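These notes are about the structure you will find just below.
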Amino acid sequence: MIRFLIRRVALGVLVMWLITVAVFGLFFVAPNNVARTLAGRQATPATIHLIEHRLGLDLPLWKQYTNFVGNALHGDLGFDYYHGVPVTQIIGQALPITLSLAIGAAVIWLLLGVFSGVLSAVRPRTFSDRSTTALALFFYSMPSFLLALLFLYFLYFRLTKAGFAIFPAGGYSGLTAGVGEWARHLILPWVALALLLAATYTRLTRGSMLDVLGEDYIRTARSKGLRERRVVLRHGLRSALTPVVTQFGIDLGQLVGGVVVTETVFSLPGLGKTAIDAINTQDLPVIIGIVIFASAAVVVANILVDIMYAVLDPRVRLH
Amino acid sequence: MSDVPPVGVGAGVDSATPSQGPAGGPGAETSTGIEGRSPWVLAWQRLRHDRVAMISLVVICLIGLVAIIAPLFASVTGHPPNQQYRGPGALSPEGLPAHPSSAFWLGTDDLGRDILVRIAYGSRISLLVGVVATGMTVAIGVVVGLAAGYLGGIVDTVLARLVDVVLSVPFLLVAVALVSITGASLTITILVIGFFSWASVARIVRGQVLSLREREFVEAARSLGASDRRIMFVDVLPNVLAPVIVYATLLIPVVIVVQATLSFLGLGLPPPTADWGGMISESVQYYTVAWWFVFFPGAALLITTLAFNLFGDGVRDAFDPRTDRLIGQK
Amino acid sequence: MSEAMDLPLGDPGGETTHAGTEVLMAARDVRKLFPVAREGLFGQRDYVHAVDGVSLDVRRGETLGLVGETGCGKSTLARCLSRLYELTEGTIEFDGQDITNLSRRRLRPVRREVQMIFQDPYGSLNPRRRVGSIIGDPFVIHGIDSRQDRKRQVQSLMERVGLNPEHYNRFPADFSGGQRQRIGVARALALHPKLVICDEPVSALDVSIQAQILNLLSDLQDDFGLTYVFISHDLSVVRHVSDRVAVMYLGKIMEISASEDLFTTTRHPYTRALLSALPTPDPDEADSRERIVLVGDVPSPVHPPSGCRFHPRCPKARSHCVEAVPPLEQVFDDLPSHRTACFYPLAIGEDLSQSVPQLGAGESEIVSSDGAEES
Amino acid sequence: MALLEVDDLHVSFDTPDGLVQAVRGLTFSVERGKTLAIVGESGSGKSVSTQTITKLTRGARVSGRAIFEGEDLLTASPDHLRRVRGAKIGMIFQDPLSSLHPYYRVGWQIVEMIRAHDHSTSRRTARKRAAELLGLVGIPRPAERLDDYPHQFSGGMRQRVMIAMAMALNPVLLIADEPTTALDVTVQAQVLGVMRDLQEDFGTAIILITHDLGVVAEMSDDVVVMYAGTAMEQASRRDIFYRHHHPYTEGLLRSLPAHGGGKGRLIPIAGSPPSLINLPSGCPFAPRCPYAWDKCFRETPPLDEVFDEPGHRSACWLPHDWEGRQACEPRTETIDREETA
């Protein structure tokens, strides 16, 4: 087990390293005109050169890279081009917002998806199964920005117009301003995000549950005279959850790195929106910082998933 | 990043292996003709009886037709796709988008352009990107997966890390960032999507090849003295095609959404090209005053992805008829 | 190391069975190890000792039966003989030529001569290809015959193995298990090989179909003068088809002899136990016969027992069996063709069920490690 | 009064290719403390029929009766059925690895069985009983092994665990569905031995499903021979082997390699079993039967008593008296080619 963990972490480090190379290569090799943008239209070549020098853009590429990695290892991702704010600080400010969004949505989609998936699988091909499946497919096909816009239109605009100003149009209210206000600002994005993902989980749980319910050990459980509820939940769901947990880890890992569209539509200044803003201003250190942070989140999530596997399945644990 | 469907298809595709057991119940021998029906024909026959899948296919064909005859929409309505109209009926007195009317069937956008015509032209972009990027994805994925799975060893190790890297990078952010650097164009959109999507295809193909490699018919071919190349292309490849086709069908809608999302984030195609994501993006500021501006492009996008997904589901069932294991006999 | 010395290097010779005496294939001290996952952080790499020093001869025209339980290495040995696996050690000679280290290219002519028939009638045929093309594979691979000839050849093969040649264009899924096995047989015979290695060819079939295939194999042997290596876990089938039988246990041959001799003058306690465990389809005999119920299961081939591989389960085991590996040799006044790897072989009439183990090896339940078992 | 009487059982399944008639009019009975072997080839419906009796086949169309201790299981309430399963009827299956839940310890699974039927048993008592049971089926160090997972046991030991679990509540009937098919012969002998011993000690009746005639000869009191979803012949063990009436039974026995050795040709049954979707009219075995004549293809023979022996019944149009049957000669030409249906 320990050996497996060490191997797994080493692999993660290798992948992270490759990612820094790839990301650095992509952004620095590509032509960019940050200095020119920063300097403004009337800038002389000298000014541009000065700015490039200040940003370290005149160093050889490998030097820029080693500087970057060296600093990153010390927890320093550089400063943004415009205000000189440390990138770590920018990430630190955006992260709680993204986390609030991701974790809140995760709770909803997991409950919704697993519950409806199990229900579907227990009564396959019935009306309730078919309608759940159809609904899941509907949300699965739905582009996230479209659903977010629909939410805004109906639940914010129409409702407010009708005199029920329950939900805000967007924005974030920190926990310090009260839990109620925090939740009120997040509920629309939570549900919008959760519905999309729940669709995947319904389908995943249903399929996995149907597979498991066909297993020999489920027949054994029934032949033992157990109650159907126990057969389904203790014997069936326990096994069916393994692929769900895997998917959950990966999804959560990806969301922690920023929820681009939902944050943009609901004006939540989380990592995703911050990154998009940075992209629009070509603020490279911020872009790279967030991209690397997001990749790290995925890599860590993958490692956690593998550990969860071992926790869930004694066959993995004991070998 | 995955409030947009990640590049890759969700639940259950990995299990879309063709069933190898005998068709039908125990001891059932289904075909009686001299000429056997190939697995492809059998799948098509099952698909043909799937009403939902067939309706979806018709819808997909209709969308394709709209894309082809888009200029016809322009000539019938008399409104070229990028023509901005100012008169009454095209823009409200306040300069806002105009309601659907007999002149503009689905209303106009903020610049007084005909939404119907633009939707028709937009379908060209969606389908083109969907099909071409998916094709590219599948081509790269199959080659990489086949090589990694069959050759194994160092080739496999290197490719596996490459797959890990591609799957760990926050796709949407990097894609948006790249497009912002290189400038938006159709080619760059397709390349970016293809470049970030092949990894999951490769992973699936590799898994399939690994298990196929252990099958006795591959051993049989080796014992006959067949070359690696022959085994790879004659014995292994046809057996991974079915899951790949299923995956590809389900990947098209995902790609269409990704393209729309890029456009929505302002990095799709340079204006004034009509494409659905871009139209919705422009409509965001107007959704409180012009519902049709969001609604019709949104509906077009949703109908397209839904049709592809329903069809893809049907294709999967056709290749993998999961007769719920009712009969507990071997 | 010493095991290799114990094995006779030359052909024992001087044997007379009704099959020929000319050696077609000779395996000498064949060893095949498969690496398994390492245990512990810095643990040593472990190996499955699938085949662990086997020497045997296959004579022209005979059927040599290989019998044993799961994990005894019989299928691995078959794949070593057909050079599907690279040997870890040892040599294989076919028709006087050493084929142990032949390159792929040099091996191709040998591939025409040595063919295999596989166990799984579902897994051994590519589900995406038409039967005609599957059976025609050998012709294509070895570049024999034109396309026109090929179809005729394939159809006559189909006819020969009892398939309707009109079904040339069907897919494997259209056939039943028995018919699929006929397809596999046709493919193996296409190039008129000298040696056919049959790996559990009837294990997946129902009895009535099994008899059809066994008859077919026997007819083809007569018609084409084939030599068979016939692998099975079913003693009664092996006994029916074989001229000579080798009994394997944990990668080693325990006893080898002319078929009838082996069953009437059983020398090795393991062979006897195997015979007695085989259920008899005859109520009277079933009620009256001696039953030897072995303790425990076959140990893991990753860490095979020292000395005689069978000692932990053997009713006659003594301390000597733990320390030394018994050589495979003639015991008592057996025919030279009958060789047994046992220090305390059974005398005729000896009742093994009365033996009490001399070792305190009461319980020897060993969990087989994953991947260690062959399928 | 027999322990279990199955009467005119029909089971069919809807599949995309059509209605599969897995069991068609099966009738048999099991006596207390005896072993009934149901023998047949794959697809003969032997497993489906016994799983239907305890309603473990889901989505099947079922008709007929299965009277167990005076009550019809096929129409019993789910709750009654639940109380019968495990407590009165224990079951073991072919593949012991996939039949045990991979995520739970063996002890937990046995305790669960005990407490499902008697919740007043404390966990501690149930655990003690579980250890006892493991000892009873010959698992060394039973108390320690309770805490192992199924994959830590070998194949034979796993099947012993299954037996221990099935026998936990002392059921009056044990249904063993190909219990040794996945095991090596030497291990099979051990497992069959355990079953025999338990039957002697507890007087359990056993339904033993198998395709292995050797196992039948060793284990059974009575035998049902099934083909294409229905019983062809039913008799005591000796009668099946020495005085069979049905040509299918004869064919099965003749296809075995002769036990005394000897090379020679085997006598297989020509052709292959029919599709259960498009069954031929008349006797399902007729197309493969060397004795078949016109009537066999037209009318389905009833399962009637033969040779005036009570309990010996055969579904065949051949003469029902011993001399008449003996006089029948099979056609000799062998049909070596299999035709697709």
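Every value quoted in this text rests on a predicted model; they were computed, and no experiment measured them. Reminder, nothing fancy here: chain letters follow the sequence lines and each chain counts from 1.
Of the charged side-chain nitrogens involved, at least one lies within less than 4.0 Å of a carboxylate oxygen, so that D277(A) and K273(A) count as a salt-bridged pair.
Across G130(B) and I256(B), no two heavy atoms sit closer than the pair CA-CG1, 3.9 Å. Between V166(B) and A199(B), the closest heavy-atom pair is CG1-CB, 3.9 Å.
Contact of L306(B) with chain A is made through backbone and side chain together, with heavy-atom distances under 4.5 Å. Both the backbone and the side chain of L137(A) come within contact range of chain B, with heavy atoms under 4.5 Å apart. Of the atoms belonging to L11(A), it is side-chain heavy atoms, and not backbone ones, that fall under 4.5 Å from chain B. Heavy atoms of V265(A) lying under 4.5 Å from chain B belong exclusively to its side chain. For chain A, the nearby parts of L310(B) are the backbone and the side chain; heavy atoms of each come within less than 4.5 Å.
For the options P253(B), P297(B), A177(B), heavy-atom pairs under 4.5 Å to chain A are most numerous at A177(B). Across G298(B), G266(B), S168(B), G277(B), the residue that shares the most heavy-atom pairs under 4.5 angstrom with chain A is S168(B). The greatest number of non-hydrogen atom pairs below 4.5 Å with chain A, out of T304(B), V294(B), D164(B), V179(B), is found for D164(B). Highest contact tally toward chain B, considering only L152(A), I287(A), N302(A), is held by L152(A) [criterion: heavy-atom pairs under 4.5 Å].
Aromatic ring pairs are classed by plane angle as parallel below 30°, tilted from 30° to 60° and perpendicular above 60°; the pair Y201(A) and F248(A) is perpendicular.
In this structure, the separation between OH on Y156(A) and CG on L149(A) is 13.0 Å, given to the nearest 0.5 Å.
For the pair L95(A) and L271(A), the minimum side-chain heavy-atom distance is below 4.5 Å.
Within the structure, side chain to side chain donor-acceptor pair (under 3.5 Å) contacts touching residues 146-155 of chain A (residues at least two apart or in different chains) are Y153(A)-R158(A).
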